[in-house]
Amino acid sequence: MSAHGSSLQGNESGAPPLRYTAHLARQIEAKWQDQWERDRTFEAPNPAGPLAEPEKVGGRPKLFVLDMFPYPSGAGLHVGHPLGYIGTDVFARFKRMTGFNVLHALGYDSFGLPAEQHAIVTGIHPRINTESNVATMRRQLRRLGLGHDARRSVSTTDEDFYRWTQWIFLQVFESWYDREAGRARPIAELIGQFERGERDTGRGPWGALGPAERAAVVDGHRLAYLADAPVNWCPGLGTILANEEVTAEGRSDIGNFPVFKRTMRQWTMRITAYADRLIDDLDRLDWPEPIKLMQRNWIGRSEGARVRFASAAGPIEVFTTRPDTLFGATFMVLSPEHPLVDELVSDGQRADVAAYRARAASLADAERTDATREKTGVSLGATAVNPATGREVPVWIADYVLMGYGTGAIMAVPSGDQRDFDFAREFGLPVVPTQRPPDAWFEARGIPPTLDCSQWPGAYVGDGPYVGSSNAEVTLEGCDTVDAAVARMNAWLERAGHGRSAVTYKLRDWLFSRQRYWGEPFPIVYDEHGVARAVPDALLPVRLPELDDFKPQALDPDDERTDPIPPLARVGQWVDVEMDLGDGPRRYRREVNVMPQWAGSCWYELRYLDPTNRNAFVDPEVERYWMGPTGPGHTGGVDLYVGGVEHAVLHLLYARFWHKVLFDLGHVSSEEPFHRLFNQGYIQAWAYRDARGQTVPAAEVAESDGSWTWNGQPVTREYGKMGKSLKNVVTPDEMYDEYGADTFRLYEMSMGPLDASRPWNTRDVVGMQRFLQRVWRNVVDEDTGELRVSNGAAPDALRRELHRAIAGVADDMASLRFNTAIAKLIELNNALTAHVNAAGSSPREVLEPLVQMLSPLCPHLADEMWERLGRREVLAFHPFPVADPAMLASDTVEVPVQVNGKVRSRIVVPVGTPDDELVRLAMADEKVAAHLDGRAPRNTVVVPDRLVNLVV
RNA sequence: GCCCGAGUGGCGGAACGGCAGACGCGACGGACUCAAAAUCCGUUGUCCGCAAGGGCGUGUGGGUUCGAGUCCCACCUCGGGCACCA
């Protein structure tokens, strides 16, 4: 045993007693994990509040590193899950070593559907199942050696946590969006405006309105409001289903029962009020450009016009992005759900229309708008008047028009829109041109230029001179661009009273109710008028009631008439409640929906900051310290947020929305929750199927010459997510047992860039273990445990190698390029090993920085080696090495010489050789001269110290 | 279908528009060993060639450039999202 008082036990089987094996790694890792926990090494001090330690905050810069909130799955972790956690841990440890006060923690998004489904099947309370899953995940992650502050590991299912989720909901409920001010304000200020007559209620003077009317007026402005929205009602299961639980055929995934679209009164969040800010503020975020683009596309801001077509049932308003094509509108299409359909439909068409509407209701939006589908639709047997031409046009309904977008009705311009064109062709509706397409357009389609649209193979979309687009009041002749024509048309629409320019968004308000048990109850009760009232702060949290039976009451599978009943509605004594809301004790009915899983993940990062605060969801000073803006124009927010691209739109958009509401109401100083975003890739794995198409255990498949067999029978290979169904799961626990946590961490980081997806390959892990064994051997003798360190000076070449590595590794780590940082460390260690093989010992001046640089990646082994090198303090706060610039410089440089862009030779020249001298030396080179073959270069391209290219 | 990505040796990957294949796995050869494992040293894109050297090579087809894995256009394949999985 070594002289360091270590209790490390020797290896079993034949290996030298102190070889760095999984056995030894396990002991080293347990030792340091215990020590970090005992010393509370990774607890981050707060400047104020319950976790305040202002003296430890000191003058250090701060850094808040965040992983996306995990759901504690019952299946436990597989090796794909920790990828991002290891990445953030390496980064956090690196930054800590460069002097930052780093906050890094991980909590659990523990409400959600799987636990509830588990409860329905097993009868075990979701809380019990959830807590055991969290415990499993905590154990697996602790073994990984992550430098998390354990005090901050909150769960959304903690009453202490969801009390504040409910509180934030009430903040949203008690607010409205003031368009003039461009921000949310307390609802009391809106009521004040109504009382003083400064704002029109839309229903007459405030003083003349009854309580229910006043509530209706105010509710029409709230950021959280009730609206009718469709749900998937499955009477056969007695429950409402999530979209993913419904098959493409409109039946339940479980049991294959019919599913009916029904509307229910549900909580909705007015996220559309923030659409412009959610788009505009993207410009100030340090996010990957593709993610910003996805958010912009999702919000889908488009500028166009609202236009009214007169009809027998009154004006039908349409939204169009192309008001310039109004003269070509030869028919109208309404969404099947459009409210005017019933009034417009002729008696002859009534039956067909009803049948069509029923069919459309069973389809998902994505299906309805699928452009490859054959266009379907039914005529209403009615007409409307095109305001530009004054002509009557037929009115149809079709499922490709959605009620949720624009006004739920379109003017169809078949010559200028491909969907309308397809529809017109399908049903023989007229197509008239509004623009002359360029000749090239016809050429590409192999037809001669013509304005006879019956010859056209499709709609024309783009700029082009206008034709047939004039009436007595307006003409588009002379406009060359769409923009110019839109402007002229919008001006006329407004003047003539037919419409006005308008902006619309694809983004819809956010449906916030779930008809489930395992979620946050709403802090809302209804009075005898059915008016929603906030549960006062003092009565929070509204706790989830206990359920005896998680199984919903199944009904006749075809009974589409009975109303859906959410689980909480069955707990009668909980639903009916007596409360004092300021006007004495009264009876109320509780809201029986629960919040969606998004609710907790919309603000959890704020609770990490101040997890034990009982007076506020976060102390304002603590929030300002960790997330406040760093300067004018800075949005503030988390310094680094790492997670998968699958959250590119929904989670990130919802969380931004809530954060902005909290900002508007003055509860946080940051305008955005996540200032910098980084998307990690996925670790996927090969999976194999036998001749019958059954998956076989991937671990038992053998490969030879590019084909695979299992138990001797040939199998086919596919690529996919790790999971039970593909039988290709590899767990961290297996890696800990076979290699140890440090090797596992190193392998995950070395596989490729953090943002790339890659296949898992257990076979490759051994490379990183061998690397660590070589480093370890350069520190201690694996037979005796003696140090192999010398205090003499390192040779100049090795020292230069060291400083090149330091510069490169620091740079790579700061940019999250851990794979190339590891490659540089391996190169350095290989050079060191060559020296040790020749000289018999490792120079301390090389070994110590190498151990320090390894520390963020393999913290246990690094601390162990650091201790053996005689250093007392743990590496967590020890400064990262700094490269000596003098050691990076070189006198000469090798410059490739190209002839006609192909490398033909290389010349070694002094750094800073002037261009003409470089060319002269290049031409003097034998091989270059041979390729020039006596010709003089026509052109020379010189990049100083980098390259010469001779063009002949 | 719509939106967003990614395609480089046998495999994972490296490469500010400037030497394609760093580093690791695997494979092959050598040293050590009675032998094997482990370890150490070396070779390894591909084709032609004894060699020196040369040809070809970053999914496919075009383009921009003195020069393209990198930029642009089209296509093919794979992955992610599409609002009640989160």
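Lettering of chains follows the sequences in order, A, B, ..., and the numbering in each one begins at 1.
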*Could you state the CD-C1' distance from A/Glu827 to B/A22, rounded to the nearest angstrom?*
6 Å
*asked:* Run A/Glu245 and A/Arg516 through salt bridge (Lys or Arg N to Asp or Glu O under 4.0 Å) and show every step you take.
replied: CA-CA 14 Å; A/Glu245 298 174 302; A/Arg516 294 283 167 184; 2.9 Å; yes
*Considering only atom P, compute the distance from B/C48 to B/A36 and round it to an integer number of Å.*
34 Å
*So, is A/Arg508 close to the B/A83 phosphate, meaning a side-chain N or O under 4.0 Å from OP1 or OP2?*
no
*Is A/Lys902 touching bases, backbone alone, or none of the nucleic acid, heavy atoms closer than 4.0 Å?*
sugar-phosphate
_Test side-chain contact (heavy atoms from CB on, under 4.5 Å) on A/Tyr682 and A/Glu646; report intermediate values, then the result._
CA-CA 10 Å; A/Tyr682 302 97; A/Glu646 71 269 26; 2.7 Å; yes
*A/Glu245 has an atom CD; how far is it from atom C1' of B/C85, in whole Å?*
9 Å
*Taking only the side-chain heavy atoms of A/Gln684 (C-beta and beyond), determine which of B/G80, B/G18, B/C19 contains the nearest atom.*
B/G80
*asked:* Taking the C1' atom in each of B/U64 and B/G17, what is the distance between them to the nearest angstrom?
replied: 12 Å
*asked:* At 4.0 Å (heavy atoms only), tell me whether A/Arg777 reaches a base, stays on the sugar-phosphate, or touches nothing.
replied: sugar-phosphate
*Considering only atom P, compute the distance from B/G10 to B/C16 and round it to an integer number of Å.*
23 Å
*asked:* Is there a side-chain contact between A/Met722 and A/Val79 in this structure, where contact means two heavy atoms from C-beta onward sitting under 4.5 Å apart?
replied: yes
_Candidates B/G53, B/C25, B/C84 - which lies nearest the side chain of A/Arg770_ = B/C25
*Any idea which of B/G24, B/C3, B/C19 is nearest the A/Asn830 side chain?*
B/G24
*A/Phe674: which of A/Trp603, A/Tyr604, A/Phe69, A/Tyr641 passes ring-ring contact (aromatic ring centres under 6.0 Å, His included)*: A/Tyr641
_Protein-nucleotide distance (A/Asn679, atom CG; B/G80, atom C1'), rounded to Å_ = 10 Å
*Are OP1 or OP2 of B/C78 and a side-chain N or O of A/Lys721 less than 4.0 angstrom apart?*
no
*How many Å lie between CG on A/Asn232 and P on B/C84, as a whole number?*
10 Å
*P atom, B/A74 versus B/A6: distance in rounded Å?*
16 Å
*Given the P atoms of B/C25 and B/U39, what is the spacing between them in whole Å?*
10 Å
*Take A/Val461 and A/Asp417 through the test side-chain contact (heavy atoms from CB on, under 4.5 Å) and record every step on the way to the result.*
CA-CA 7 Å; A/Val461 183; A/Asp417 182 285; 6.0 Å; no
_Counting the benzene-type ring for Trp, do A/Phe423 and A/Tyr400 have ring centres under 6.0 Å apart?_
yes
*Which value, in whole Å, describes the distance between the C1' atoms of nucleotides B/U60 and B/G69?*
15 Å
_Separation of atom CD in A/Gln898 from atom C1' in B/U65, rounded to whole Å_ = 12 Å
*Please give, in whole Å, the distance from B/C84 P to A/Lys261 NZ?*
12 Å
*asked:* In whole Å, I'd like the distance from the CG atom of A/Asn837 to the C1' atom of B/C41.
replied: 10 Å
_Those residues that, when tested against A/Tyr405, pass ring-ring contact (aromatic ring centres under 6.0 Å, His included) (two or more places apart)_ = none
_Using O4'-C1'-N9-C4 for purines and O4'-C1'-N1-C2 for pyrimidines, with syn meaning within 90° of 0, is B/G9 syn or anti?_
syn
*Hey, are A/Arg656 and A/Glu605 close enough for a salt bridge, meaning a charged N less than 4.0 Å from a carboxylate O?*
no
*Is any N or O donor-acceptor pair between the side chain of A/Gln266 and the base of B/C84 shorter than 3.5 Å?*
yes
*Tell me which nucleotide among B/G55, B/C25, B/C85 gets nearest to the side chain of A/Arg904.*
B/G55
*Among B/A20, B/G67, B/G24, which nucleotide sits nearest the side chain of A/Asn949?*
B/G67
*asked:* Can you identify which nucleotide, out of B/G18, B/G24, B/C85, has its nearest atom closest to the A/Arg946 side chain?
replied: B/G18
*Which value, in whole Å, describes the distance between the C1' atoms of nucleotides B/G29 and B/C66?*
43 Å
_Is any side-chain heavy atom of A/Trp686 closer than 4.5 Å to one of A/Trp760?_
no
*On a whole-Å scale, what distance lies between the C1' atoms belonging to B/A27 and B/C76?*
32 Å
*Among B/G26, B/A83, B/C84, which is the nearest nucleotide to the side chain of A/Val766?*
B/G26
*Take nucleotides 5-15 of chain B nucleotide by nucleotide from the 5' end and write B, S or -, depending on whether a protein heavy atom sits under 4.0 Å from the base, only from the sugar-phosphate, or from neither.*
S----BSSSS-
*With respect to the side chain of A/Asn297, which nucleotide from B/A22, B/A83, B/C4 is positioned closest?*
B/C4
*Side chain of A/Val943 - closest among B/G18, B/G24, B/C23*: B/G18
*Pairing of A/Arg904 and A/Asp925 as salt bridge, 4.0 angstrom limit*: no
*Side chain of A/Arg19 - closest among B/G24, B/G18, B/A38*: B/A38
